[in-house]
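Because only heavy atoms are used, hydrogens play no part in the values below, and waters and symmetry mates are left out as well, while side chains stay in.
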Amino acid sequence: MRLEGKVAIITGGGTGIGRGTAILFAKEGAKVMIAGRREEPLRETVEIIRSNNGSADYVVTDISKSEQVKRLFETTANKYGKIDILFNNAAIFTGNGNDISELKEEDWDTLMDINLKAQFLCSKYVIPYMRKNNGGSIIFTSSISAYIAQKKHVLYNTAKGGIEMMMKCMALDFSKENIRVNSVCPAWVEPDMELFRKNHGDKEAEEIVNLHPIGRLGTPEDVAYAVLYLASDESSWVTGTSLIIDGGYTLQ
């Protein structure tokens, strides 16, 4: 019960890392509000949590829209009384596979809206709630792509690099108010390896797996336990830190 009595908001909570973290947070005693643009996966996550006697709800939210972000926080505070934790997790992958000369302007705008602007909006509007609590924890899902260049990934990598600097600046700005800000930086995470192979083909999938010296892709739970540490009081002396969780990818 490492999060007993705490209230957490998780963006992108319907699938992948967001779902895995929501389930783990609820298991550890948190009341969890998840957000995303598609209702069905959000509902499925909440049903999983409630079937295990956890406390969870969802708000369908386009987090690139400020009014919808405000509503998300207002709804959470009205339901649970406060907000202790924000996991800025949502992300998309539009426009990858292109160098900057091939990149469409609309792909740039679409990805930056969700992968960077939305992180700004969620962080901006959660701060007043955390000030009322005399503290809180904000965690970003960044990526190893914030630290290494990858061919044909200029858009995604630029956004993740922006997240890392946003996180560090926020950590400085709010450290005196007991609001801690950190990030997790995964490599390839895939909940369903069979589907991964189907989407990429056996040969490409094997090549991607082999990029990770530990010999497998990550799972949502691999990342969720790191997020749990940063959300909990166990990390009360940790701010401005990026936890790289990559199966050894960046060692090479």
Side-chain angles (χ1 to χ4, degrees), residues 1-36 41-42 45-46 48-49 52 54-56 58 63 72 76 80 83-91 114-115 118-119 122-123 126 129-130 133 135-147 159-160 163-164 166-168 170-171 174 178-191 217-247 249-250:
M1 303 297 285
R2 296 158 72 184
L3 299 180
E4 188 172 11
K6 294 187 183 294
V7 175
I9 292 178
I10 298 174
T11 66
T15 59
I17 292 170
R19 173 176 285 185
T21 304
I23 292 169
L24 180 60
F25 274 20
K27 180 181 176 183
E28 292 289 338
K31 295 178 174 65
V32 180
M33 182 69 78
I34 59 173
L42 296 174
T45 301
V46 168
I48 292 169
I49 291 170
N52 289 290
S55 179
Y58 68 87
I63 57 170
L72 167 64
T76 304
Y80 294 125
I83 302 169
D84 300 292
I85 301 159
L86 169 64
F87 182 26
N88 266 324
N89 168 68
I114 297 297
N115 290 22
Q119 321 301 316
C122 289
S123 300
V126 81
Y129 294 97
M130 291 187 171
N133 299 343
S137 178
I138 299 171
I139 306 108
F140 291 86
T141 295
S142 181
S143 172
I144 59 164
S145 300
Y147 290 96
K160 291 301 184 180
I163 282 177
E164 284 296 282
M166 187 190 306
M167 177 273 290
K168 292 177 187 298
M170 285 174 57
F174 300 109
N178 196 35
I179 298 172
R180 299 182 297 104
V181 191
N182 296 285
S183 70
V184 290
C185 301
W188 285 82
V189 174
E190 181 53 59
L217 302 186
T219 67
E221 291 72 26
D222 288 324
V223 182
Y225 276 102
V227 181
L228 172 62
Y229 166 70
L230 293 172
S232 76
D233 293 337
E234 295 166 11
S235 60
S236 62
W237 208 45
V238 179
T239 196
T241 289
S242 309
L243 289 185
I244 295 176
I245 309 158
D246 68 350
Y249 189 113
T250 52

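Residues Thr45 and Ala22 share a closest heavy-atom pair of CG2-CB, 4.0 Å. Closest approach of Ser55 to Ile49, counting heavy atoms only: N-CG2, 3.9 Å. Residue Val189 comes nearest to Pro220 through the heavy atom pair CG1-N, 3.7 Å, listed as atom of the first residue, atom of the second, then distance. The heavy-atom pair separating Ser183 from Ile139 by the smallest distance is CA-CG2, 4.4 Å. Scanning all heavy atoms of the two residues, the minimum distance from Ala231 to Ser137 falls at CA-OG, 3.7 Å. Considering every non-hydrogen atom in both Gly240 and Asn182, the closest pair reads N-OD1, 3.1 Å.
For the pair Glu221 and Leu24, the minimum side-chain heavy-atom distance is 4.5 Å or more. Using a 4.5 Å cut-off on side-chain heavy atoms (C-beta onward), Phe25 and Val227 make contact. Put simply, the side chain of Leu230 does not reach to within 4.5 Å of the side chain of Phe87, judged on heavy atoms. Between Ile244 and Ile144, the closest side-chain pair of non-hydrogen atoms falls below 4.5 Å.
A distance-only check finds no donor-acceptor pair linking the side chain of Glu164 to the backbone of Ser143 [under 3.5 Å]. In this structure, the side chain of Arg19 engages the main chain of Gly14 through a donor-acceptor pair within 3.5 Å. Judged by distance alone, with hydrogens and angles left aside, the side-chain atoms of Asn89 form no donor-acceptor pair with the main-chain N or O of Ile10 at under 3.5 Å. With hydrogens and angles ignored, the 3.5 Å screen pairs no side-chain donor or acceptor of Asn88 with any backbone N or O of Cys122. The closest donor-acceptor contact from the side chain of Thr239 to the backbone of Val181 lies under 3.5 Å. A donor-acceptor pair is defined here as one N or O able to donate and one able to accept, closer than 3.5 Å; such a pair exists between the side chain of Arg180 and the backbone of Ser235.
From Glu28, atom CD reaches atom CG of Leu228 across 5.0 Å, with rounding to the nearest 0.5 Å. Taking OG1 of Thr141 as the reference point, atom CD1 of Ile163 lies at 8.0 Å (rounded to 0.5 Å). For the atom pair Lys27 NZ and Asn52 CG, the distance stands at 9.0 Å (nearest 0.5 Å). Separating the CG atom in Asp84 from the OG1 atom in Thr76 is a distance of 11.5 Å, to the nearest 0.5 Å. Taken to the nearest 0.5 Å, the CG atom of Leu42 stands 11.0 Å off from the CE atom of Met33. If you take CG on Asn115 and CD1 on Ile63, they are separated by 8.5 Å, rounding to the nearest 0.5 Å.
Between Tyr147 and Ser242, the side chains place a donor N or O and an acceptor N or O closer than 3.5 Å (distance only, hydrogens not considered). Ser236 and Asp233 share no donor-acceptor pair across their side chains, judged by distance under 3.5 Å alone.
Listed by chain and residue number, nothing satisfies the side-chain hydrogen bond (donor to acceptor under 3.5 Å, both in side chains) test with Tyr229 (two or more places apart in sequence, or in another chain).
For Lys168, the NZ atom is densely surrounded, since the number of other residues' heavy atoms within 6.0 Å is greater than 12.
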